[in-house]
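Input: a single structure, listed below in structure tokens.
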2 protein chains.
Amino acid sequence: MNAPIVNPALTKNQSLVFEALDRADGPLSAYTILDKLRDHGFRAPLQVYRALDKLTEFGMVHRLESLNAFVACAHRESACCGKGHGHGTVAFAICESCSQVLEFHDHEVDHHLSDWASSKGFKPSKTTIEIRGICQKCAA
Amino acid sequence: MNAPIVNPALTKNQSLVFEALDRADGPLSAYTILDKLRDHGFRAPLQVYRALDKLTEFGMVHRLESLNAFVACAHRESACCGKGHGHGTVAFAICESCSQVLEFHDHEVDHHLSDWASSKGFKPSKTTIEIRGICQKCAA
DNA sequence: ATGGCACACGTTATAGCATAACGCAATTGA
DNA sequence: TCAATTGCGTTATGCTATAACGTGTGCCAT
């Protein structure tokens, strides 16, 4: 459980959604978040999706495409490679047994993919890397 | 348009779905496929999803997670790195302007990700790599 | 040949994920 | 002050995917 380093610029809904993700020990779907926040006045999916859009834009939340779910960014403290809070491309290892998610960043992979892109004249806007599998703990 | 190298072991439904994807010049959603095949007797999503599951298992079709859509595999002829028809991990560059998809394979990226996985004791089952962006043609 | 099994298929219903379109309120800055 | 922007709440709708049921067919071990 991490200390709640909450960006003060967040609106109430955004904070609630972020905190729900931060408290969770795994990815949450938008509808699961909605259920967790009904006691705080949330009534409709759009309230969640709008907050998620902003949090994703801020880099505080990542969407897992292969799961249709969301996680709080694991890289709380600053950046390793410029870009403010952010990082280049982030990759995820998702355990299909315990559904825990490892977030990591691999420069080499990043560079190879950018190199491929430039060689093809392709201008990347967002890159998704997700490894589904079994984590060490579950494999034991 | 490629020659129709259709695996004869495919069932009727599987062939129809594969041919629909093969004819298309971009990714198709399951429901789009359903609409294209109504004239051939398709009536329900499950008919499409069941065929897609098998085709994916055979390696003839890929699912694009960030699009919830499917494409025919672009690597018709054999493999570059063992595994029968297949290849290690395939990556995609998806143009957000014209929605064309480039399928490619990058050994280096593959190896870096496997290395990361072994270093963490993570056993990968499926890896997704998708680059969203603008293709050369659309950027011009 | 016959009973059991595996597999593809068809259908209905339902679950899960996401956005459109409307109107209102608060904030900001020209 | 007025217009633009942003967030918010609500209703309705659309898109994506699977559950659960039953049918038919081919295979092959007994």
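Please read these numbers as outputs of a predicted model, since none were measured by experiment. Throughout, protein chains are lettered first and strands after them, A, B, ... in sequence-line order, and every chain is numbered starting at 1.
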Walking DNA chain C from its 5' end, the first of A/F70 and B/A51 to be reached, judged by nearest nucleotide, is B/A51
Taking CG from A/L67 and C1' from C/dG16, how many angstroms apart are they, rounded to a whole number?
13 Å
How many whole angstroms separate atom NE2 of A/H40 from atom C1' of D/dG9?
18 Å
Rounded to whole angstrom units, what separation is found between the CG atom of A/L10 and the C1' atom of D/dC8?
16 Å
Over how many whole Å does the gap from A/Q47 atom CD to C/dC22 atom C1' extend?
15 Å
Expressed in angstrom and rounded to an integer, what is the separation of A/D53 atom CG from C/dA20 atom P?
10 Å
With no hydrogens and no angle check, is any side-chain donor or acceptor of A/R50 less than 3.5 Å from a backbone partner on A/P45?
no
Rounded to whole Å, please give me the gap between CG in B/L52 and P in C/dA8.
14 Å
Would you kindly give the CG-to-P distance between B/L64 and D/dA17, to the nearest whole Å?
11 Å
Nearest-neighbour nucleotide for the A/Y49 side chain, C/dT11, C/dT19, D/dA17 considered:
C/dT19
Would you say the base of C/dC17 stacks on A/Y31 (centre-to-centre below 5.5 Å, plane angle below 30°)?
yes
side-chain N/O B/T11 vs C/dA8 OP1/OP2, d < 4.0 Å:
no
Given C/dA18, D/dA17, D/dA19, which nucleotide is nearest the side-chain atoms of B/L46?
D/dA19
With a 3.5 Å cut-off and no angle check, do the side chains of B/R63 and B/T56 form a donor-acceptor pair?
no
Side-chain donor-acceptor contact under 3.5 Å, A/T128 with B/E65:
no
Return whichever of B/N13 or A/A30 has its heavy-atom-nearest nucleotide of DNA chain C closer to the 5' end.
B/N13
Give A/R50 one of three labels, base, sugar-phosphate or nothing, depending on what nucleic acid heavy atoms sit under 4.0 Å from its own.
base
Without decimals, in angstroms, what is the distance between A/N68 CG and D/dT16 P?
11 Å
Could you work out which one of C/dT11, D/dT10, D/dG7 sits closest to the side chain of A/Q14?
D/dG7
Does B/K12 place a side-chain N or O at less than 4.0 Å from the phosphate oxygens OP1/OP2 of C/dC9?
no
Donor-acceptor pair between A/T127 and B/R132 side chains, under 3.5 angstrom
no
Starting the side chain at C-beta, find the nucleotide from D/dT10, C/dT19, C/dG10 nearest to A/P45.
C/dT19
Whichever hydrophobic residues join B/F104 through chains of side-chain contacts under 4.5 Å:
A/L102, A/F104, A/V109, A/L113, A/W116, A/F122, A/I129, A/I131, B/L102, B/V109, B/L113, B/W116, B/F122, B/I129, B/I131
